[in-house]
Amino acid sequence: MKLEESFYQRKDVVKIAKELLGKVLITNINQNITGGIIVETEAYSFKEKGCHAYNNRMTERNKVMFEDGGRAYVYLCYGIHHLFNVVTNVEGKADAVLIRALEPILGETYMLKRMKTQSIKRVTSGPGKLTKALGIDRRLNGHYLLHGRVWIEDYGITFPKNSIRASSRIGIAYAEEDADLPWRFTVKGSEWISKMVIGNRAI
DNA sequence: TAGAGGATTGAT
DNA sequence: TCAATCCTCTAC
């Protein structure tokens, strides 16, 4: 069952980021259905410095974040990678959840083809990789998640509270004290989460 | 309008 | 450890 507007348009982006774990992100690009169970997310709020929309700063890039919840915010990072976010909260309140890793369950063949690899373990374990595997790019920026080519479904999978790990978000050292907010959520023990490194420590 | 830098990744 | 790669934002 597709998640409805009311799921996205709530105020608590951190809660939504946790609840998205276990949901299934699906795309239909050129009739190729691909998708996976979300196992890693990060919450971003306009109230903190890690967010593109901090202090209500609206630019050409992030203006989708200021629209009503339930849309895709896709942007290009490092000139190479497309990153996929879910816009949450109501119009004017620019919150979003970055999807960082999936467990592939639909269209594995297409994903392997897009990633030019034989290893399914590597196709969706990182925010830049999963967008490529699912065929997501900036053309889907602003796209409504309730119909069309990209959406999120509830497959009835719920991870118990004690199996969700909260840690600090990746790659936002510039956010000063807000860089320490424990707003990255991963499924404990999942072999599908991203392998980013903080300092010398692999996490 | 030029210049710097980024919510990453994979190869070395 | 570092290059790839280009869009976005800021300052001038």
Side-chain angles (χ1 to χ4, degrees), chain A residues 8 13-14 16-18 20-21 25 36 38-67 69 71-89 93-102 104 111-143 150 165-186 191-203:
Chain A
Y8 302 108
V13 66
V14 172
I16 297 172
K18 285 186 217 170
L20 278 172
L21 297 176
L25 174 63
I38 298 169
V39 294
E40 179 174 347
T41 59
E42 282 180 3
Y44 288 88
S45 164
F46 65 94
K47 296 171 187 164
E48 48 84 21
K49 296 176 187 168
C51 184
H52 289 167
Y54 171 58
N55 217 7
N56 283 319
R57 191 178 58 148
M58 193 196 295
T59 64
E60 190 56 33
R61 178 178 67 165
N62 74 7
K63 64 183 181 188
V64 171
M65 292 183 73
F66 289 83
E67 296 188 29
R71 293 168 189 275
Y73 169 39
V74 185
Y75 73 96
L76 187 66
C77 184
Y78 296 110
I80 304 169
H81 305 288
H82 297 276
L83 268 55
F84 175 81
N85 295 253
V86 177
V87 175
T88 69
N89 215 326
K93 307 278 186 189
D95 291 347
V97 176
L98 170 67
I99 308 299
R100 291 189 54 89
L102 304 174
M111 294 195 230
L112 292 171
K113 208 171 165 185
R114 284 177 182 142
M115 299 301 282
K116 298 190 172 75
T117 175
Q118 303 292 314
S119 169
I120 194 71
K121 287 282 170 61
R122 307 187 54 177
V123 295
T124 54
S125 59
K129 293 199 286 187
L130 73 88
T131 54
K132 191 174 174 191
L134 266 61
I136 294 171
D137 62 30
R138 285 183 308 152
R139 283 173 294 182
L140 292 175
N141 188 38
H143 195 83
V150 54
R165 178 173 181 236
S167 54
S168 52
R169 293 168 295 173
I170 304 297
I172 54 161
Y174 59 81
E176 300 170 353
E177 73 275 13
D178 288 334
D180 295 328
L181 289 171
W183 283 9
R184 176 186 180 220
F185 302 102
T186 51
E191 51 190 337
W192 304 97
I193 63 178
S194 68
K195 305 274 196 298
M196 284 300 290
V197 171
I198 291 178
N200 291 320
R201 187 166 52 93
I203 51 173

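Keep in mind that the numbers below use all heavy atoms, side chains included, and drop hydrogens, waters and symmetry copies.
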task = Please report the C-alpha distance between A/Lys129 and A/Ser125 in whole Å, then the side-chain angles of each, then the deciding distance to 0.1 Å, and finally whether the side chain to side chain donor-acceptor pair (under 3.5 Å) criterion is met.
result = CA-CA 7 Å; A/Lys129 293 199 286 187; A/Ser125 59; 3.0 Å; yes
note = Using Watson-Crick geometry (N1-N3 plus N6-O4 or O6-N4) or G-U wobble (N1-O2, O6-N3), each under 3.5 Å, C/dT5 is paired with none
query = Quick check: does any side chain N or O of A/Glu40 sit under 3.5 Å from a backbone N or O of A/Ser194, one acting as donor and the other as acceptor?
reply = yes
inquiry  = I need the single residue from A/Phe46, A/Tyr44, A/Tyr75 that forms a ring-ring contact (aromatic ring centres under 6.0 Å, His included) with A/His52. Which is it?
reply    = A/Tyr75
key: A/Arg61 side-chain N/O to C/dT10 phosphate OP1/OP2 under 4.0 Å   = no
task = Rounded off to whole Å, could you give me the NZ-to-P distance for the A/Lys63 and C/dT8 pair?
result = 11 Å
ask   = How many Å lie between NE2 on A/His82 and C1' on C/dC7, as a whole number?
value = 10 Å
note = Regarding the side chain of A/Arg122, the nearest nucleotide among B/dG10, C/dT10, B/dA7 is B/dG10
key: Side chain of A/Arg138 - closest among C/dT8, B/dT8, C/dT10   = C/dT8
ask   = Are A/Tyr174 and B/dA7 close enough that a side-chain N or O sits under 4.0 Å from OP1 or OP2?
value = yes
request  = Could you state the atom-to-atom distance from NZ of A/Lys132 to P of B/dT9 in whole Å?
outcome  = 11 Å
message = Does A/Gly128 reach a base, just sugar-phosphate, or nothing at all? Heavy atoms under 4.0 Å.
response = sugar-phosphate
note = Between A/Lys132 and the options A/Met111, A/Met115, A/Lys116, the side-chain contact (heavy atoms from CB on, under 4.5 Å) test singles out A/Met115
ask   = Between B/dG10, B/dA7, B/dT8, which nucleotide gets closest to the side-chain atoms of A/Ile172?
value = B/dA7
remark   = A/Asn85 CG to B/dT8 P, in whole Å, measures 11 Å
remark   = Ranking C/dT10, B/dA7, B/dG10 by distance to the side chain of A/Lys129, first place goes to B/dG10
Between C/dT5 (C1') and A/Ile80 (CD1): distance, integer Å = 5 Å
key: Nearest-angstrom distance from the residue atom CG of A/Asn62 to P of C/dT10   = 10 Å
Atom-pair distance (OH on A/Tyr78; P on B/dA4), nearest Å = 17 Å
query = In whole Å, what separates the P atom of B/dA2 from that of C/dT5?
reply = 22 Å
key: Whole angstrom value for the distance that separates C1' of B/dG6 from CZ of A/Arg169   = 15 Å
ask   = When the nearest nucleotide of DNA chain C is assigned to A/Arg57 and to A/His81 on a heavy-atom basis, which residue is associated with the more 5' position?
value = A/His81
ask   = side-chain contact (heavy atoms from CB on, under 4.5 Å) between A/Asp95 and A/Tyr8: does it pass, once the steps are laid out?
value = CA-CA 10 Å; A/Asp95 291 347; A/Tyr8 302 108; over 6 Å; no
ask   = For A/Arg184 and B/dA7, is the shortest distance between a side-chain N/O and OP1 or OP2 below 4.0 Å?
value = no
task = To the nearest 0.5 Å, tell me how far A/His81 NE2 sits from A/Thr131 OG1.
result = 8.5 Å
task = Choose from B/dT8, C/dC6, C/dT8 the nucleotide whose nearest atom is closest to any side-chain atom of A/Leu76.
result = C/dC6
query = How do A/Tyr44 and A/Met115 order along DNA chain B: which one's closest nucleotide is nearer the 5' end?
reply = A/Tyr44
